[in-house]
Amino acid sequence: MNYDVIMIGSGHATWHAAVTLQQAGKHVAIVEKDLVGGTCTNYGCDAKIALDGPFQLVEQLNRFKGAGVDNVPSINWNALMNYKHQVIDPLAPTMTKIFGQLGIDLITGSAKLTDAHTVVVDGKKYSSDYIVLGTGQRPAMLNIPGAEYIHDSREFLDLPAMPERLTFIGAGIIALEFASMAASMGKDVHVVEFSAKALATFNPAYVARLQKKLSNQGVHFHFNEAVNAVSKAATGYTVTTNSGLSIDTDYVLGATGRVANVENIGLEDLGIESSRRGIKVNGHLQTAVPNIFASGDVIDKPQAKLTPVAIFESNYIASVILGNQDPISYPVVPSVVFTMPRIAEVGVSVTTAQSQPDEFRTQVLPFGQQLAFQYKRAMDAEATLVFDHDGFLVGASVYADDGDDLINLLTMIINGRYTAAMLQQQIFAFPSSTVGVLDLLAGLLPR
Ligand SMILES: Cc1cc2nc3c(=O)[nH]c(=O)nc-3n(C[C@H](O)[C@H](O)[C@H](O)COP(=O)(O)OP(=O)(O)OC[C@H]3O[C@@H](n4cnc5c(N)ncnc54)[C@H](O)[C@@H]3O)c2cc1C
């Protein structure tokens with residue numbers, strides 16, 4: 001079978017390009033060995049956010065206790081999980097159907113490159129002018145005794161019942177998002193982290209604020225602790241560390257990072273360089289073999305490994321195959337920790353700005369206090385804004401329930417190099433939470 005383009009993997013890194021290219025008259029195939037749609041759709045962002053809604057509501061209702069709300073309902077995890085299945089399970093078959101309607105061939109199985117133009121799946125050969133590698137990442141699992149008792153994020157997002165006692169190994173984004181859910185349900189939660197801090201790349205002030213909030217909800221944080229074994233106990237499991245810490249628990253989740261899926265796809269024989277961090281590419285996302293591109297999480301790159309970045313790369317590769325010769329140019333990329341509240345960041349980090357006072361100025365906006373009623377009594381909501389020496393917004397860090405939405409607005413202001421006059425030429429809906437922040441921001445931007 002001959003194609004113009006074969007995509008390996010069916011996640012966001014590939015299918016946006018597949019649709020564009022097929023619609024532009026190319027003959028496209030996608031090879032997938034698991035559920036169509038990849039991690040985000042089936043086991044990541046979408047699955048997580050389908051579970052998140054009631055936790056957000058409970059968080060907000062708690063703020064109105066004694067101010068109109070008497071009783072805050074508890075979350076029925078099992079019913080919520082059923083809802084998640086209702087929402088998420090149809091996505092893969094729906095995408096399969098849409099690909100079929102568009103004329104994109106879906107090949108099921110594990111793909112391997114045998115030369116620059118040939119992909120083999122289950123012993124069958126397919127040839128193509130271009131190949132896009134979008135094989136993504138998988139959880140990094142600890143190699144310790146009892147590793148078989150450690151679950152990954154995919155399993156947590158499928159849990160039929162929320163355990164009473166949970167231990168999270170790692171204090172990164174995934175661990176804290178899930179710990180935040182379990183804590184909100186009043187469960188006994190431990191977070192064990194090898195390094196000295198949680199969420200290493202995020203604004204330390206907001207990480208400390210979140211950590212304090214989670215600690216107040218009963219989460220036990222253990223830093224500088226290396227888990228060395230998980231063993232079966234009379235009831236549940238025992239997690240132990242090198243320093244002698246011992247935690248009895250019902251469920252252990254390993255969230256110690258993710259590694260790129262670069263093995264067994266034929267990279268070495270073609271001279272395509274890769275490591276656990278991913279595949280090496282040039283400024284056009286080409287591997288060492290020019291007609292073979294890499295896209296999404298499987299690229300070794302400085303940008304955050306997130307869905308919108310994978311989509312951006314997917315769209316870029318489609319444009320290159322259709323004739324674009326410009327190198328890829330990434331705008332600023334927002335990152336969000338979907339805890340209650342969110343920590344959201346974009347652009348120049350607060351840590352970088354504070355270490356280069358000649359280049360940048362930071363300004364704290366305690367908008368939760370300043371806009372108390374618009375912000376639904378979230379008194380701790382706050383943003384730290386980073387301005388360059390001309391006064392333009394170049395970075396932002398937000399701690400707020402709606403930090404995930406607010407950061408998008410701030411991202412547009414950064415990318416658009418907005419002045420105060422540009423903001424003031426627009427009329428925004430009032431009373432709304434964002435308009436208050438925009439008003440405060442207008443006073444800080446150059447005229
Ligand atoms: C729990 C969790 C929560 C997340 N939350 C967010 C979030 O809130 N926001 C956000 O932006 N990002 C989030 N992410 C990250 C996001 O899911 C990824 O950035 C995104 O899925 C990357 O897309 P991709 O197409 O590169 O890889 P994937 O979606 O992982 O797709 C790769 C596909 O390739 C297939 N594959 C691999 N090898 C082969 C082979 N040899 N042959 C055939 N098929 C193969 C795999 O089965 C898989 O389906 C989250 C991730 C996780 C795990």
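Whatever order the structure lists ligands and atoms in, that order sets their numbers, starting from 1. Atom set for the values below is all heavy atoms of this structure, side chains included, hydrogens, waters and symmetry mates excluded.
Contact check for Thr249 versus Thr238: no side-chain heavy atoms found under the 4.5 Å cut-off. For the pair Lys84 and Asp158, the minimum side-chain heavy-atom distance is below 4.5 Å. Side-chain atoms of Leu157 and Lys48, non-hydrogen and from C-beta on, do get closer than 4.5 Å to each other. Taking the side chain as every heavy atom from C-beta outward, Thr384 and Tyr206 approach each other to under 4.5 Å.
Within ligand 1, counting atoms from 1 as listed, the ones closer than 4.0 Å to a heavy atom of Pro308 are 11 (O). Close approach to Lys305 involves these atoms of ligand 1, each under 4.0 Å from a residue heavy atom: 15 (C), 19 (O). Of all the atoms in ligand 1, the ones that sit under 4.0 Å from a non-hydrogen atom of Thr39 are 17 (O), 21 (O), 28 (P), 29 (O), 30 (O), 53 (C). Numbered from 1 in the order shown, with element, the atoms of ligand 1 that lie under 4.0 Å from a heavy atom of Ile265 read 41 (N). Those atoms of ligand 1 with a heavy atom of Asp34 less than 4.0 angstrom away are 47 (O). Applying the 4.0 Å criterion to heavy atoms of Gly296 picks out, from ligand 1, the atoms 26 (O). Atoms of ligand 1 lying under 4.0 Å from at least one heavy atom of Phe338, given by number and element, are 8 (O). The ligand atoms of ligand 1 that sit less than 4.0 angstrom from a heavy atom of Gly109 are 42 (N), 43 (C).
Regarding atom 26 (O) of ligand 1, its nearest protein heavy-atom neighbour is Asp297 N, 2.9 Å. Protein heavy atom closest to atom 4 (C) of ligand 1, with residue, atom name and distance, is Cys45 N, 3.6 Å. Protein heavy atom closest to atom 27 (O) of ligand 1, with residue, atom name and distance, is Gly136 CA, 3.5 Å. Shortest contact from atom 48 (C) of ligand 1 to any protein heavy atom: Glu32 OE1, 3.6 Å. Considering only non-hydrogen protein atoms, atom 25 (O) of ligand 1 sits nearest to Ala13 N, 2.9 Å. In terms of protein heavy-atom proximity, atom 41 (N) of ligand 1 is nearest to Ala111 O, 3.2 Å. Of the protein's heavy atoms, Thr307 OG1, 3.4 Å lies nearest to atom 16 (C) of ligand 1. Among all non-hydrogen protein atoms, the one lying nearest atom 45 (C) of ligand 1 is Lys33 CG, 3.7 Å.
Checking only distances, Arg258 never comes within under 3.5 Å of ligand 1, N or O to N or O. Polar contact with ligand 1: present for Lys48 (N/O pair, distance under 3.5 Å).
Using modelled atom types and a 3.5 Å distance limit, the side chains of Asn408 and Thr411 yield no donor-acceptor pair. Judged by distance alone, the side chains of Tyr330 and Glu313 do bring a donor and an acceptor atom under 3.5 Å apart.
The cationic atom of Arg377 (NZ for Lys, CZ for Arg) lies less than 6.0 Å from the six-membered ring centre of Phe64 and within 45° of the ring axis.
No heavy atom of Glu177 sits closer than 4.0 Å to any atom of ligand 1. Every heavy atom of Ala47 sits 4.0 Å or more from the atoms of ligand 1. Heavy atoms of Val298 come nearer than 4.0 angstrom to ligand 1 in no pair at all.
Under 4.0 Å from ligand 1, the heavy atoms of Ile8 that appear belong solely to its side chain.
Taking each heavy atom of Ser295 and Ala310 in turn, the nearest pair found is OG-O, 4.0 Å. The two atoms that bring Ala171 and Phe223 nearest to each other are CB-CE2, 4.5 Å, heavy atoms only.
Under the 3.5 Å distance criterion, the side-chain polar atoms of Asp4 are matched with a main-chain donor or acceptor of His27. Although no hydrogens or angles enter the test, the distance criterion places no donor-acceptor pair under 3.5 Å between the side chain of Lys280 and the main chain of Lys301. Of the possible donor and acceptor atoms, one in the side chain of Glu155 sits under 3.5 Å from a partner among the backbone N and O of Asp152.
If you look at His151 and Tyr251, their ring centroids are closer than 6.0 Å.
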